[in-house]
Amino acid sequence: MTPDRQHSPTTQIGDPEVAAERESEQPTTVRQWWRSARPLHGLLAATALSFTGNAIVAVAVPWLIFKRTGSATAAGVAGAAAIAPIVLSALFGGALIDRLGRRFCAVGADLLSAIAVALLAILDEAFSLPFWGILALVALGAVFDGPGAAARETLRPDVARATSTPITRVNAWGEAAEAIGALAGPGIAGVLLVVLGGFNVLWVTVGMFLLSATITTLTIPSHLSPAPIHEPYFRSVVTGLRFLIGEPGLRTVAITAAILVGFIAPFESVVLNAHLQDTGHATFYGFVVAAFAGGGLIGAILYGVVGHRLPERAVLVTTLAVSALGLAVYALLPPLTVLLIVSVLTGIAAGPINPVVAVIMQARTPEHLRGRVIGSYTSVALAAGPLGLLLMGPIVDHTSPRIGFIVIAVGCALATLLAASAKSLKK
């Protein structure tokens, strides 16, 4: 997409011709391929486990707070508390990834997340935490989510290179693993809320974080990635942010993502939650969220199959446009069966968005800057999320979920227009 792209080592991994050559060099037996692809399997498994754990927290905490308070605004504040810390932690954590190592940061983030979530379960059981106490511990756990996700994403090109797998497929499978987490998490949370009740559901999340850290340690060799670069820490942070802002294509996808996240963040925990509560279908919340995630899984896998043959900009604009149309259907407040079908179809349309953005990011980012640039991108992309959550709660409380769905669809249309009109993505 840029003139210098063909000289980038990260770009060559995803080049269709190079990918085809490497596919022909892959081990000839299933057993040999399985052994050689061990880092890929480990990365995907760790990603799925970590995202499943986060999805359980994302569903259980706002649900419990809404049940305790009966307020969509309170649920929105809880959602904002889970996102706001990631904005800064991803920015500063991205520099740590380049400084301490990608594998080290992926493992460390999972371990620290496990500790934070365990504290929430223990302290609420012992002291019946007030609202502000829950928010504080949710925020503490969220601090580690951004760097952990960024570290696993920075490992993708390393794993692709080590396993001779096209980078488009590794990105698609990585996003599919995240979608599996988003698919399984709500369903697991729904069952656990009935069986265990309260914040005891979070102990399952603790176990998932610990298992994710263990798998990463055992399957991804420490020498897989380049040695960490030691330079002044704050200079490293500034360098990553400056590169993101200075590269036109990266700047465009970051702003597009920020608009999208700002409007999408309240979709599940605030608007959909309130709509299903109002219509007496609260018990189906997990199923609707899982339907959307299931569609996302299908969409990501389909992109992994054909993505290396398609232009990134066309995929990004098309998927954004169709997703906006799908979200607009929610404003019609269709029957539950139709809502489930729409959720699957909209998820399929949205599934390729994150994989194609990852390809664009990796193609335009030098290897030695990957961690801090991805961290900076994550920070910028999520910056509008807390604002969207905080504003959407009062909107829904004072109007209706229908208005909330309309606002979300309009926001997605704005993101589509930006991506479609950006000259930097046409190169």
Show the numbers, then the answer: is there a side chain to side chain contact (heavy atoms under 4.5 Å, CB included) between L316 and L320?
CA-CA 6 Å; L316 180 61; L320 284 171; 4.0 Å; yes
I need the [X] [atom1] to [Y] [atom2] distance, nearest 0.5 Å.
X: F209; Y: L49; atom1: CZ; atom2: CG; result: 10.0 Å
X: M361; Y: E247; atom1: CE; atom2: CD; result: 9.5 Å
X: L250; Y: R364; atom1: CG; atom2: CZ; result: 6.0 Å
X: F284; Y: L272; atom1: CZ; atom2: CG; result: 13.0 Å
X: I188; Y: I56; atom1: CD1; atom2: CD1; result: 4.5 Å
X: I403; Y: M392; atom1: CD1; atom2: CE; result: 10.5 Å

Can you see which heavy atom on [X] is nearest to which on [Y], and at what distance?
X: T252; Y: A422; result: CG2-CB, 3.4 Å
X: A324; Y: A413; result: CB-N, 3.9 Å
X: A257; Y: Y377; result: CB-OH, 3.4 Å
X: A46; Y: T216; result: CB-OG1, 3.2 Å
X: F243; Y: T365; result: CE2-CA, 4.1 Å
X: A274; Y: V396; result: CB-CG1, 3.7 Å

Check whether any side-chain heavy atom of [X] lies under 4.5 Å from a side-chain heavy atom of [Y], and answer yes or no.
X: I255; Y: I259; answer: yes
X: Y303; Y: V356; answer: yes
X: L339; Y: L276; answer: yes
X: N171; Y: Q362; answer: yes
X: R152; Y: S50; answer: yes
X: S113; Y: D145; answer: yes
X: T239; Y: L369; answer: yes
X: V322; Y: I348; answer: no

Test your reading of the model: is there a side-chain donor-acceptor pair from [X] to the backbone of [Y], 3.5 Å cut-off?
X: R38; Y: T219; result: no
X: S212; Y: M208; result: no
X: T416; Y: C412; result: yes
X: T205; Y: G53; result: yes
X: T214; Y: L210; result: yes

After noting the C-alpha distance and the side-chain angles of F263 and V407, does the key distance pass the side chain to side chain contact (heavy atoms under 4.5 Å, CB included) rule?
CA-CA 7 Å; F263 286 94; V407 172; 3.8 Å; yes
Sequence neighbours excluded - side chain to side chain donor-acceptor pair (under 3.5 Å) pairs with any residue from residues 93-103:
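Residue pairs passing side chain to side chain donor-acceptor pair (under 3.5 Å), neighbours aside: D98-R372, R102-D158.
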Can you tell whether the side chains of E367 and R161 come within less than 4.0 Å, N to carboxylate O?
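Salt bridge between E367 and R161, a charged N being under 4.0 Å from a carboxylate O: yes.
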Heavy atoms of other groups near F287 CZ, more than 12 under 6.0 Å
no
Qualifying residues under salt bridge (charged side-chain N to carboxylate O under 4.0 Å, His left out), relative to E153, sequence neighbours excluded
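For E153, no residue satisfies salt bridge (charged side-chain N to carboxylate O under 4.0 Å, His left out) once neighbours in sequence are set aside.
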Between Y330 and S343, do the side chains contain an N or O donor and an N or O acceptor separated by less than 3.5 Å?
yes
From CA spacing to verdict: side chain to side chain contact (heavy atoms under 4.5 Å, CB included), L327, I264
CA-CA 10 Å; L327 289 168; I264 285 292; 3.5 Å; yes
The test is side chain to side chain contact (heavy atoms under 4.5 Å, CB included); show your working for F292 and V342 and say whether it passes.
CA-CA 8 Å; F292 189 89; V342 171; over 6 Å; no
